[in-house]
Amino acid sequence: MAPVGGFAVVGAGSDFKGKITVSVLITCIVAATSGLIFGYDIGISGGVTTMVPFLRKFFPSILRKAAEAKTNMYCVYDSQVLTSFTSSLYIAGLAASLVASRLTTTLGRKNTMVLGGCTFLVGAAINGGAANIAMLILGRILLGFGVGFTNQATPVYLSEVAPPRWRGAFNTGFQFFIGIGVVAANCINYGTAKHSWGWRLSLGLAIVPAAIMTTGALLISDTPSSLVERGKLAQAKKSLAKVRGKNIDVEPELADLIKSSEIAKVANEEPFVTIFERQYRPHLVMAVAIPFFQQVTGINIIAFYAPVLFQSVGFGSDSALIASIILGVVNLGSILVSTFVVDRYGRRFLFLVGGIQMFICQVAVASVLEATTGVSGTKHISKSYAILVLVLMCTYAAGFGWSWGPLSWLIPSEIFPMKIRPTGQSISVAVNFATTFVLSQTFLTMLCHFKFGTFLFYAGWIAVMTIFVAFFLPETKGIPLDSMYTKHQKVHLPPDIELEKQDFLFVDVIIEKQCHD
């Protein structure tokens, strides 16, 4: 038993074998492409909202404000209607993610991903042909449903299929494809920005990543856990043998999956009730805190509004889009770093290093903006300082890319037992979308009023989340999913806590007692 902060990690019981096979590699890559649609939307939204033809058609008041000689640079894009265009997706994703937990249990992880891809495709078509704001918002809502379904199902799928020893690496694939989607969207925005119809092409081309991930999802099998959960034992055995390798005895792992499924069925409890029981309270705290903290790093807001942000600090329109591309490429490269080290150095190490790095960068950006633009925000920032802001933002993006980016999808998908895993992931995704909605709806107004203080706001949250990880997050690398709850050794518990038949990875411990042992 290894104590970590306020929790104890109980040593894994069953050490199921599994190697990286061609099948598991292809399956996980195909599943991870679900991240393309989320990433494409994140990247495309910010770029489109800087295109003059788009603004002229839907948001002419912003162009009038930009034309004013002494406009505060932080306030040019402060428009609630404009932010509604961006944030409507996230309120729809919030609703979809809560429904998705039942869908992933009833229909399976694979079919939920297919449903999400189809819904996103329809939304993309509506946005590309939008004639008014109502059509834009409707399209965004459908995009939100699609992203809500896929963001719920895909991380669970990857965690259940990947070999335990490399689960972290495979799960980061989802964030990697989110990064690819962001970069692809920024490149498309750059290519279409000078055309009057460019915004339609940018929005409409979202059907391409939707078609790619939907076709891919149709070609792969569902996870062994999902098949066992739905009583398809023969298919589950076949699927497990395929992803674990020909010479691996899958019977012990299959038996463990069946046992977990039978326990859940015998209990016959409503998952949304079970997850609030006392023994799952630490897991629930992580499922809520981690996605919340991921969003208050400010990364998605900066990704949404990167072109707007870079224009605000002195870049021209084309330069702002190029800066956004650079930011996305840096983030993409850092995700690859996480892929190679997450299962070697562990989740906690990356969280802590990334948190410290992001904190320093946000404080530095705020300091540069305060020194160069003044409190009023009316001073013009020089090109050299604008480039310094870009370098700091890239360093910040790198810190996020190898820590809070991929790990925030990984942790909630791996800490819950089978019977409440979809529910736990559903709550995690819902918190992610709810927080993103609030931040995206308020960011431009906050930028207008807080000015450079906006970056200090996010720096404060990054400090809080780094301390949280240091004290409360256990290490979960290499532990098989269904061994997170194995029979534990001697753990000193408060006298009023009783353990049931299944013991838990996260166990409240008496710190003082540990210090003496």
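Not measured: the values here are computed from a predicted model.
- Between the side chain of S159 and the backbone N or O of V156, no donor-acceptor pair lies under 3.5 Å.
- Put simply, the side chain of S101 never gets that close to the backbone of P422: no donor and acceptor are under 3.5 Å apart.
- At least one donor-acceptor pair closer than 3.5 Å links the side chain of N186 to the backbone N or O of V182.
- Partner F468 forms a ring pair (Phe, Tyr, Trp, His ring centres under 6.0 Å) with one of F293, W404, F292 and no other, that one being F293.
- Nearest heavy atoms, I178 versus F38: CD1-CD2, 3.7 Å.
- Residue G117 comes nearest to A210 through the heavy atom pair O-CB, 3.8 Å, listed as atom of the first residue, atom of the second, then distance.
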Stepwise side-chain contact (heavy atoms from CB on, under 4.5 Å) check, T339 with F176: CA-CA 9 Å; T339 300; F176 180 74; 5.5 Å; no
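- Screening residues 87-104 for salt bridge (Lys or Arg N to Asp or Glu O under 4.0 Å) gives R102-E270 as the qualifying pairs, with residues at least two apart or on separate chains.
- Residues satisfying the salt bridge (charged side-chain N to carboxylate O under 4.0 Å, His left out) criterion with R347, sequence neighbours excluded, are D343, E414.
- For the pair S45 and R140, the minimum side-chain heavy-atom distance is below 4.5 Å.
- Of the possible donor and acceptor atoms, none in the side chain of Q294 sits under 3.5 Å from a partner among the backbone N and O of N432.
- No donor-acceptor distance shorter than 3.5 angstrom exists from the side chain of R165 to the backbone of K477, with no hydrogens or angles considered.
- In this structure, the side chain of N189 does not engage the main chain of S202 through any donor-acceptor pair within 3.5 Å.
- Atoms OG1 and CZ, on T33 and F177 in that order, are 6.0 Å from each other to the nearest 0.5 Å.
- Within a 6.0 Å sphere centred on CZ of F272, heavy atoms belonging to other residues, nucleotides or ligands number more than 12.
- A pairwise comparison of heavy atoms in L94 and A430 identifies CD1-O, 3.2 Å as the closest pair.
- Rounded to the nearest 0.5 angstrom, K238 NZ and K242 NZ are separated by 7.5 Å.
- Listed for the T395 side chain is a donor-acceptor partner under 3.5 Å among the backbone atoms of V391.
- In terms of heavy atoms, A236 sits closest to V228 at CB-CG2, 3.5 Å.
- Using modelled atom types, one side-chain atom of S413 and one backbone atom of L410 make a donor-acceptor pair closer than 3.5 Å.
- Closest non-hydrogen pair, S338 versus T172, comes out as OG-CG2, 3.8 Å.
- Here the side chain of T466 pairs a donor or acceptor atom with the backbone of I462 at under 3.5 angstrom.
- Here W409 contributes atom CH2 and N151 contributes atom CG; the two are 4.0 Å apart, rounded to the nearest 0.5 Å.
- One N or O on the side chain of K110 and one on the backbone of I220 form a donor-acceptor pair closer than 3.5 Å.
- Between the CD atom of E253 and the CG atom of L240 there is a distance of 4.5 Å, given to the nearest 0.5 Å.
- For the pair V24/F170, a side-chain contact is recorded, criterion being any heavy-atom separation below 4.5 Å from C-beta on.
- A distance of 15.0 Å separates CG of L456 from CH2 of W461, quoted to the nearest 0.5 Å.
- Of all heavy-atom pairs between P474 and R348, the closest is C-CD, 4.0 Å.
- A distance of 10.5 Å separates CD1 in I212 from CD1 in I207, rounded to the nearest 0.5 Å.
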Verdict with supporting geometry, V330 and S334, side-chain contact (heavy atoms from CB on, under 4.5 Å): CA-CA 6 Å; V330 169; S334 63; 5.5 Å; no
